[in-house]
There are 2 protein chains.
Amino acid sequence: MNPKLVIRIVAILLIVISAFMLLPVIVALYYEEYDSIAPFIGTLLGTVIVAMTAVGLTASERKQLGTRDGFLMVTLSWLTAAGVGAIPFYLSGSIPRYVDAFFETMSGFSTTGATILTDIEALPYSMLFWRSLTHWLGGMGIIVLTVAIFPILGVGGLQLLKAEVPGPSVDKITPKITETAKTLWLIYLGLTVAQTVLLMLGGLSLFEGLTHTFGTLATGGFHPKNASVGHYGSTYINVVTTVFMLMAGVNFILYFKTLTGRFRAVTGDTEVKAYLGIFFVTALGTSLALWRQGAYSGLLESLEHGAFQVASILTTTGYVTDDFSLWPPLAQTFLLLLMFFGGCSGSTGGGVKIVRIVTLAKLAVTEMKYLLHPRGVFGVRLSGVPIRESVVHAVAGFIVLYIMSLLVITLVIGSSGADLVSSFSTALATLGNIGPGFGLVGAAENYAHFPDYIKWFLSLVMMMGRLEIFTVLILITPRFWKP
Amino acid sequence: MNPKLVIRIVAILLIVISAFMLLPVIVALYYEEYDSIAPFIGTLLGTVIVAMTAVGLTASERKQLGTRDGFLMVTLSWLTAAGVGAIPFYLSGSIPRYVDAFFETMSGFSTTGATILTDIEALPYSMLFWRSLTHWLGGMGIIVLTVAIFPILGVGGLQLLKAEVPGPSVDKITPKITETAKTLWLIYLGLTVAQTVLLMLGGLSLFEGLTHTFGTLATGGFHPKNASVGHYGSTYINVVTTVFMLMAGVNFILYFKTLTGRFRAVTGDTEVKAYLGIFFVTALGTSLALWRQGAYSGLLESLEHGAFQVASILTTTGYVTDDFSLWPPLAQTFLLLLMFFGGCSGSTGGGVKIVRIVTLAKLAVTEMKYLLHPRGVFGVRLSGVPIRESVVHAVAGFIVLYIMSLLVITLVIGSSGADLVSSFSTALATLGNIGPGFGLVGAAENYAHFPDYIKWFLSLVMMMGRLEIFTVLILITPRFWKP
């Protein structure tokens, strides 16, 4: 292992992240929130000084990073980013207790969108901007992780994407990663500009347009309004947001391929076909359930809200137009089921990820074939390419770990006295990086009421979910620390 | 395929099952319920005549059964057994509607224990005896299936047990199967006598002792009293029942081995160790949760009820001593989690089965090892024996199919207007052959309120769960019916 280099990289990353605090400072200047400037500048300066010192102390001639260093680096990045990102909330008094500020910031960087705020609109614009910006930065980080780093580390079957990354060897990949990452960030930036402009055409201010977009493209869910997207009551805003949430849930590599004219690779992609299929079927089912019970006036309005909420939960965004805990039971059931899915791999969406679900669904079908023809040879294929046994195993291993984690998390939350539905759906909503769930964490609720130990715990759960579980869990195995 | 022989075997099985209707006739004579005699004798005679005709018409020189015949035979057996077994309830007017009678009987033969009866004690003794006897017969059938037939068919990784069955080839196995089955039935019978005697020592009548025992050893859950085991309010009865429920959830092969002196094979069995471990941890957790909230007077009483309910849900029996929907949330959460587990393979317990959970948990650990040492070679071992890749795949395929089935079943139940908790826990309680769940199917509730289409559907779900899902689902694939 090479802890010096790990610390060095994390320190550099922290400098970059804290540099982004200059953006909320601009917001503070514009809205004349002069009290908010010192917390941001103070945090920025403090971080830079500490991080620069760390960089200076960790000068090392060894430039190689091993697999273990990768796990440590990724987990430390998210942990310290949330730790530092929480400071302005705490120093400014916008979030008076550090545990709450840490929860909120981890929820931001993990693109979960679970909030401890009971009155969001009471916060200064600059703080709300930073809050939403953590989503956007977290989303950016995730795209790089899933496209360039997880495939190398081999986490939970994300080797599936390995073929997509140019260059198979860790040593030679660095310049190519940088290249791929740059293109993906440009796409991310382009989508950000596009959605913001479309939202501003719908009457939103630049501040609202940007924060709303950050929450959408990162499939985060933080919104500067208490009533989330429902605040606007606008069909136009709802439709634009639905479309961009869906786009954020697609593997970003596919946009890259579209730009370079490889349309066949896009139309033949098993994952995105399954993703859109799941969306259309569940959106239709949910909307019909809403329509049948007369929850909205007419089929069109049912479709508008049904499709929005389905896209929001499927992509793990967590935006709401309405309190879905008041929806008819069948519509709620559709939403609960969607909480088990998640976006495509290589997107900013969380959850189990569609590619894993498709892989295992195909495995189940394969098993049926073996039952009928025990001596046959059947494999699992994705997008026409056969999947290696080891990858199928990794995917199965991930799903098992996901379910076991869900059960353990449910128990821990239950220990605080939360009821069954709340405990289970909180586990789903945090591990899957969704945000809202049912019961105590329903669409109209928040996470403020949990005791401190649950808030710390859920902060770690959100990080664990975001980093594909294995990345974090492996750090607490004794084997990891053996030389 | 050999449909003639399949029909012949199913017909013979129906004759055997209907012959057991002579037992409730004896009960009717003893309790002077003369009105109940005709429905049983009528059903028995009708079944024998139809079945004998079928046997006569299906005389065939071909004695071989293929894999497909196996699936068809097993599914048809359960389906027709429930169809015929329901007739006495219907003819006698004890259960006035056939759909209800069919649901109740399928619940019996599948050892689920979900009931549509709102006042159980209103039924004649003979009918209650037949109701409980369907559990006992179903449990007997399941032992043979999982120990001798599923391993050959290779359903859902139950090849794990293949090594246990003497003789690997389908052609040569028949006499050995008969031999193994006979021994297992003797063990089953021995346990039945033992529990009945112990219960009668606790003050129960022979009728109560037998029906109570049938529900226990089959991990069924039908009880002749409205308040289930809670009726007696006796610590002695609770403890005896807890012990026998746990014994019914153990692989019956282990008793066989114990009898033949192979103790090391028993103490080294990974599945039973995990099963007992899960029981002790969750029983302790549940009891402490009960104790902390003062639900019962003192720790001992909390342990008594906690251990009982945990054993009941873990083994998928479904007996209750109390309405656990009124228990503290954490205790309920433990029970919900247990609904995902189930008994050991080769037991009468339903659910996912401990062996599958252990296999996949080990797979998850193996995946972690691969992350640290990508070039290592790690396998999954059970009871010290390495598990083949194909079996791991089959197990993973089963789990996926189980979860997908759960989601689809939840949706179908939701379509009847049932709320989220009820829909999801009904799916768990029927597919896992448990019986009671939460909400509308809670410990103090029943299944009477569901519309007819849900009752038919849940009848099939109970059968599907009991027959390891694949066995039933494969029949509706087009590939199955291709020559």
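Chain letters run A, B, ... following the sequence lines, proteins first and then strands; every chain starts at 1.
- Residues A:Ala396 and B:Ala396 share a closest heavy-atom pair of CB-CB, 3.8 Å.
- Per-residue heavy-atom pair counts under 4.5 Å with chain A were compared for B:Leu363, B:Leu401, B:Leu372, and the maximum is reached by B:Leu372.
- Within the 4.5 angstrom heavy-atom criterion, only side-chain atoms of A:Leu336, from C-beta onward, approach chain B.
- Taking CG from A:Leu360 and CD1 from B:Ile399, the interatomic distance works out to 10.5 Å, rounded to the nearest 0.5 Å.
- Heavy-atom distances place no part of B:Leu406 under 4.5 Å from chain A, backbone and side chain included.
- With a 4.5 angstrom heavy-atom cutoff, B:Tyr402 does not touch chain A via any of its atoms.
- From A:Phe340, atom CZ reaches atom OG1 of B:Thr410 across 8.0 Å, with rounding to the nearest 0.5 Å.
- The most heavy-atom pairs under 4.5 Å with chain B, out of A:Ala418, A:Ser415, A:Ser423, come from A:Ser415.
- Residues A:Phe438 and B:Val421 are not in side-chain contact: their nearest non-hydrogen atoms beyond the backbone lie 4.5 Å or more apart.
- Closest approach of A:Val400 to B:Ala361, counting heavy atoms only: CG1-N, 4.1 Å.
- Proximity to chain A (any heavy atom under 4.5 Å) is restricted, for B:Phe424, to the side chain, taken from C-beta onward.
- With rounding to the nearest 0.5 Å, the separation of CD1 in A:Ile403 from CD1 in B:Ile403 is 3.0 Å.
- For the set B:Arg292, B:Arg479, B:Gln332, B:Arg68, the count of heavy-atom pairs under 4.5 angstrom toward chain A peaks at B:Arg479.
- By number of non-hydrogen pairs under 4.5 angstrom with chain B, the leading residue of A:Gly285, A:Gly414, A:Pro328 is A:Gly414.
- Your options are B:Gln293, B:Met404, B:Lys369, and the one with the most heavy-atom pairs under 4.5 Å with chain A is B:Lys369.
- Taking OH of B:Tyr370 as the reference point, atom NE2 of A:His393 lies at 8.5 Å (rounded to 0.5 Å).
- Residue contact with chain B, scored on non-hydrogen atoms closer than 4.5 Å, involves the side chain of A:Thr67 exclusively.
- Interatomic distance, B:Leu411 CG to A:Phe334 CZ, rounded to the nearest 0.5 Å: 4.5 Å.
- Here the CD1-CD distance, from A:Ile474 to B:Glu367, works out to 10.0 Å after rounding to the nearest 0.5 Å.
- The contact between B:Met368 and chain A is made by backbone and side chain atoms together, counting heavy-atom distances below 4.5 Å.
- Residues B:Ala364 and A:Gly397 share a closest heavy-atom pair of CB-O, 3.9 Å.
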